[in-house]
Structures are given as structure tokens and as C-alpha cells.
Amino acid sequence: MGVAAVLLEVVAVLSLMLTVSLSVVVGRDRLRIAASDLPDQLRMAVKPIGLLLGVLVINSVVRDAGVNLSWVIGTNITEFIYSLEGTVVATIQSLVPGWLTLYFGYVYVYGYAFLLVFPLLAAVLAAERRHLRHMAFAYVINYTVGMCCYLLFIAYGPRNYMPALVEPLLFDTLPRFQLLTSEVNASTNVFPSLHTSLSVTVALLAIRDHGTFPLWTPVAVFLAASIVLSTMVLGIHWATDVIAGTLLAAFSVWAVSSDRVASLVGRFRSLYGRWR
Amino acid sequence: MALRTGGDVGVTRRSALAGLVGGLAATSGCLGRIRALVGRDQPTAVSLSIKTLPVDQDPYAIALARQLSAWFGAAGIRASIQPITAEELFRQTFINHEFDVFVGQFPGPFADPDAFYSLLHSTYSVESGVQNPFGYTNLLMDDLLEQQRRQTGSQRTETVTRIQRRLVQVCPFLVLGFPNVIRAARTDRFTGWNGVFDPSLVSLLGLRNTEGSAGRLRATTPDDRPMANLNPLMSSHRGSWNITDLLYDSLAYRYRGTLYPWAATNWEWVGEEPLELEVTLRDTLTWHDGQRLTASDAAFTYRLLQDTSLGSLSETVPTFRFRGRSSLVESVTAVDDATARVQFTDCSRQTARRMLTVPLLPEHVWTDRTDKATVSGVDVGVTTTDALVDGNIPPVGSGPLEFRLVSQGQTLVLERFDDHFLETTEETGLPSPLADGLAFDEFELRFVSSDSSSVDLIVNDEADVTALGVGPNLTSTIGRATDVSLNIDRSEAFYFAGFNTRRPPLTNPRFRNTLARLVDRNALAESVFDGYVDPAVSPLAGTPWLPSDLEWSPSNPVVEFLGTDGTVDSERAREAFRAAGYRYNEQNRLLLS
């Protein structure tokens, strides 16, 4: 299966998941209201979504050039991470029964994509506009910090470092996904785990805004927990990457929720406006 | 004694001071004792770092490194592991000598014992490059290396045997074994896979297609370097498996151990002192860009290999990759368009012929690459030339395949060169598997970052063959698939651990020799290679050059292992290092001095 075919598969499955969950979680009534003033909702969404897309484009460009750059300026911390945590990932892997591997494999790919896209769509449809803004900003913070870390730190994941102990489960059980992940990510970009940080971000925001879509919170938390676990079960990330990812998530949610940060940004904006 | 009392020189300021201090300390004996104790350097514990490739790029290297690290650890030597990419590994170890130990596969086959020359001769120890990366220096070894170049017959065999025995004793590097490379190949379109990749890609010519029409041969590789660089002179981008072999012709090719005339039709020895060879080229040779390949291109190639600046810089800038072979040549002159005359340095005919296997380069392309290399016009203070840093895309060679395209740094496509002599000449004088020409029109090399994905592509008919070996855990997947064959070839490129003998304690041959006794090749064969390896102690294992006492077998490990069944006996290991003059601290860590 070529890259295009795998991509098509992911998009098809994702669309199905999104359609079903939107009608259940957001609800018919809210969808009908949102549909009536869709042009308005979309106009509001242009700015935050545009910002997010912009950062993603920069991100992909930097990642392309970044692998070479990071060998020049970065520090190889693989051995350091190993000395911190040793064989934790191998232990986690040995504790998870084999029949769950397939579940974690699919969660790592489909679950993750769904967890990231769904809240953005839901936020566009939500009555309150700040949800979308917060969501987009939190993603931007995650991507930006992650990108900087990838430039500064070179680390290989456990499957690359201790092959005798940690099996590369994702690629053994679902080899076609390697084509996808290697397009997106170099094998030296593991610290921090962006799978973890973005999933936890979504879960934290779902808890914070529990009232908006109450059905979403348990789904988000369960999926996020599965994804976090899957990064280690599949031998892709170290526990250290996961902890760093969780901290990054907490930071990004704090930054978008905090009034102090908001006022700081506001002041900066007005300064910038005056300067212009 | 460094302390002097200034007694009989008269009263100087110094002696007065000495007297005062002496009075204070009551006796000079006490001071001397303090000085003797405090003046000593604190002994530091030895720790080594092992650099190697991650699993994605090499199925065995990091597992080897981890096993070595565990064994060294049992002897009180802390060894950390640093996984790095092939290109970076090359730069750090071979160019900058920043390493203690590296573990990997030797780049290419060890076709002739003269390969030892560039690997171990002390004149190369100060240069950066693949030649003598270990920094090994020994006058006796130099002497042996020079002797074998001049000798022939049983004399040379004797010298080469002495070199190998010495190597096992002093261990600038440890040969671990020759892997049995596991490949998956589809059999519905092409057949004859066994042995077509090792040692040279030219053996791909032996492939047959089953359908009437030739098509595209699709190979996968975990190595992304060929997509960014096709410069045959850059060893940093050439591995044991070298795509530029198909793009560039050489005067002769080694096929299954025998040297066949390739771009040359024949050669004749015309002088003895100095040794001189007259090489006649085929008369139909053309470069991929349509220009004719003449003897002056051949002469140019040898000049360029010896000094890529062609004398324009104050120092010579030789190629790393062909350092040994180009050092055999004194001069090459083009007599006419089809004839070149080569004068050799002091060496035997047998050794001299090695120089015929370097790739021929077009003068009209490479003559512009002799300037000092800069970064966007900025001189970065490194003396090297454009020829040694240029990516060389698109490459202009004369080989059976020519460059077509690289897409997105992921896929390299080459196509059949219709003007190649294999296509245009009836009687090539080559053995039939080669002479029949290519069984495919196009060759696609696709970067796939893990071996399980590669095998998946083969099984789903998205690719025909995994160009490099895959891990032993995939053999059952390959075996179960339909129309896919499991090919196992003994590679001529051995795995080894190289030591940087410039850094203490690795400077000490006794230390290295004791380290070597911490390695159990039998255990490596089982736990790391899953049996897919022929353990060995000499690079020449499997050739007639190997003396019988260095032939490895489970009952004759050549080097005695300090333990049993793959477990190091710490007590015995410490005993061995103590016998070599080393000490341990209370935590049983080996001390540097």
C-alpha cells in the first residue's frame, strides 16, 4: 500500500468517526442552530484556524530542514534519558497483553487524528467563540515548543535503542502506518512526545469546558489516556518524553486559560497597535 | 629530588624562606610526604562511549553495542551508547576522531589483503578519513603492510598471516562476524536473487526477468543517503552497498572473486622496474551526457583521486575512499584515445591490479570541482575541495544505469543507459550472467525507514526487493508470503567494533587485548544475530588467506572468553585487567591509571 492509499484510508475512517460523533456529541439541535448561522461561525473561525495552519506549515518546513540542523546544533540525549528511566518502557510493554496491541496501534493513528480534529470542529459549532480560540492557541503552543525541542535535542525512541527489550509493535502489527509516520516525523524527534502533549491538552480543555459538550469529556479523557499509553506500549516514546509532553500540555492549557497571560497579551497587542 | 635546600650558596632570599618554612614544618620529611600524596592526580574510573547506528538503519548494530556495553560493564568499565545516523557517525568517527568505540559494518568487501594497508598503516593515522580511523601506529605492522605489497605467492601468504595474527593480539578493531543478510524478494517478475547484491551491485546484472518485457525493478532501503548524494568519492554517503557502482564504470570489475576487464578490453605489463601497465579501453565508451570516454579521462581520474585539488592548493587533498588504491599509482598517462599507461609504486602485480577497480570520472565535469570547498562562498577553514563535498546530482558516469530523477528525497530512479557497451557490444568477454545486460529498464530505490514496512511493501507487491538486509524476526513473515522468496547471502562486509587508539586507556594494546577477551562471539551469534552470522576474528575469514589457527568455531574461539555461555565472570575479568597492570576502586570500577 502506498503512502497515498494509507492516507486515503485514514481520511475515510476519520470522516466517518467525525460525522457520527458530531451528531451524537454536539447534538441535532445545536447543529441545526449552527447551520443556520454557518457563514457567521466560519468567518469567526478563519483567524484562529488560519493561525494554526500557518504554524503547521512552518512546522513542516522546519522539520524538513530541522533534522540536518539539529545534528549540527542539537544534543544527543538518548543515553541520558535511558540513564534516567532504564527499562520502564520495556516493563510497560511486557505488562500489556498482546491482543491489546492492535487496539493501541489504531488508537495511535486514528484515535489521535480524531482527538485533534474533533474538538476544533465542535468549537466552530459551539455557541461560545473563545473555545476555538483557546483550542487553536493551545495547539500552536504545543507545536512551537515541540519544534524547538526537536531542534535542540536529538533522541531516538526505545524501539531504536533497545531492540532486544522493546519491540517496534506499531510497525510490526500495522506496518503500513510506518509510511505515514516517517513522512511526518524523523526517528530522532521523540522528545517531547507531541502525541502525549496534544492529547492531554485536548483532555484538559474538555474537562475545563465540561459544560459545553458534556458527552465529550469522558470520550476525550479515555482516548487521551489510551494514546499516552500507546506511545510507550508501541515502543515509540520514552516515559520521559511522555512526562515532558504532559508538562507541555499543562503549560499550554494554563497559558490560554490564565487571565494574567491574557492581560499580558492584551497589553502587548495595544502596544503593538500604538507602535503601528 | 625537586626540592633543594639553598644551604651552601649563601644567604639568598630563597634560602632564607626555605629555612623559615623548614623551621615551621619541623622536618622536611613531613612536607615531602604531603607533596607526594597531594601532588598525585586522583585516579579516574574508565568510561567509554560506544557510537553506533539505530535499529532503523541497521538491524544489528545497536544490539551488538548493548551487549558489548553489558560485558564491559561486568568488568568494571562503564560504556554508554550513542545511537547516531550513518552520515553523522561517519563524520564524528572518521573525520573528527571523536569516539572511543564504534560498532558497525565495514563499508564494503575486503577484496584483497592489501585493504589492510589503508586500514592500519601509521602514515594514515593522522589523516581524517576512512583510512586508519583507529589511529593505530606500529612500525612493525607498517613494515609487514609494505612487504605484502611487494611480495607474491607463499611469501605474501606468510606475511598476510603474520598481519592477521598480530591483529588478533593488538586489536585496533575487533571483527565480530560476517552477517548472513536476509532479504525479501518477489519472484513473479524477476528471478536469480541469490548473491546479486553482495559484494558489488554490478552483480544485479545477473538478475533475470520472468516476463518477456523488462520493467521497473523496485528496491527499498532504510538508507536515505543515496537520495541526497551520488558522489562516488564521498565515503560518508557510501555504505557497504553502493549505488554508484551502477552509475560509474571502472576499468575492471571483481565478480565472484575474479577480476574481469570492464571498461578496458585488456591490459598488458610492459615494464618491471618500475612496474608499468598498458591498459586498452573499449572503443565505444560514452558518458551519460553523450561525450566520448577516452584514456585521458582515465588518466585524469587517477590524478584527481590522489589530489582532488590537482595541485591548486598548497597541500594535496586526496580522496578518503580510494586512499589505499590510489597510493599504488605513481602516474598515469594517456598514450592515445584508447590507451593509458600506468606506472606503479613499489608493489607486486597482484596488488597493483587493485587500482583497476576505481570508478572512472569524466574530466569535463570534475575539472571544475578542484577549488577549495566553501559554504556559500565563505571559507570555513577546512581544507577540502568541491569534489569531496559536492552532492553530484545529477551524476554523469558511463555505467550501465544513468540517473533519471530523485523525488522528494524519498525515491531515486535510474534508467538503462542504452549506449553502454553491454547493450551495444556483442562480444564483451565477460561471464554470461554479466554479459547479458540488464533485466530491467528502470531501477527504483525507495527510502523506507523500517524493515517491517519494507517487507510489507514486498508482500503487497509495491516493491520487488529489500536492498539491504532485514532483521531475523521477519523471516517467518517473508517465508509465509506468496511469490516472495527469502534470500540469505553471506555478506562480505563484516561487523566490527573499532577502538580509538589515540585515547587512553585504548592506547594500550594490553587493555584492548583484555577487552577483546570480554567478547563471546558465540553468544553474539545467538542473541543478536539469531544465528544469521558467521562469527570470525579476521577480516579475511572465508578467503584462502585465513590461516587455520584463526578459523573461528565454537570449539576454537581463537580468543579465550573471560566467562561462560555469554556471561562475563567479573572476578576473572578483574584478574585479567589487574594482570595487564590496571587497578580497581572500592566499587570495582576499573581505574584509568
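Values below: all heavy atoms of this structure, side chains included; hydrogens, waters and symmetry mates excluded. All chains are named by letter (A, B, ...) in the order of the sequence lines, taking the proteins before the strands, and each is independently numbered beginning at 1.
For A:Tyr156, the part lying near chain B is the side chain, with the backbone staying farther off; criterion is any non-hydrogen pair under 4.5 Å. No part of B:Leu53 comes within reach of chain A, as not one of its non-hydrogen atoms sits under 4.5 angstrom from that chain. Looking at B:Ser454, neither its backbone nor its side chain comes within 4.5 Å of chain A, counting heavy atoms on both sides.
The side-chain contact (heavy atoms from CB on, under 4.5 Å) test applied to B:Asp565 returns no partner, not counting sequence neighbours.
Residue pairs meeting the side chain to side chain donor-acceptor pair (under 3.5 Å) criterion with at least one partner in residues 474-485 of chain B, sequence neighbours excluded, are B:Ser485-B:Asn487. For the ring pair (Phe, Tyr, Trp, His ring centres under 6.0 Å) condition, the pairs that include at least one residue of residues 79-98 of chain B, sequence neighbours left out, are B:Phe90-B:Phe94, B:Phe94-B:Phe102.
Distance check, rounded to the nearest 0.5 Å: CD1 of A:Ile154 to CD of B:Glu88 gives 7.0 Å. Residue A:Trp71 holds its CH2 atom at 4.5 Å from OG1 of B:Thr85, rounded to the nearest 0.5 Å.
Other residues, nucleotides and ligands contribute only 12 or fewer heavy atoms inside 6.0 Å of the CZ atom of A:Phe137. Crowding of A:Tyr110 atom OH: a count of heavy atoms from other residues, nucleotides or ligands under 6.0 Å exceeding 12. More than 12 non-hydrogen atoms from other residues, nucleotides or ligands lie less than 6.0 angstrom from OH of A:Tyr103.
Annotation: residues 74-83 of chain A contacts chain B through A:Asn76, A:Thr78, A:Glu79, A:Tyr82 [non-hydrogen atoms, separation under 4.5 Å].
Contact count against chain A (heavy-atom pairs under 4.5 Å) is highest for B:Ser80 among B:Ser80, B:Gly471, B:Pro59.
At a threshold of 4.5 Å between non-hydrogen side-chain atoms, the residues B:Pro83 and A:Tyr161 count as touching. Using a 4.5 Å heavy-atom cutoff, the side chains of B:Asp56 and A:Arg159 are in contact.
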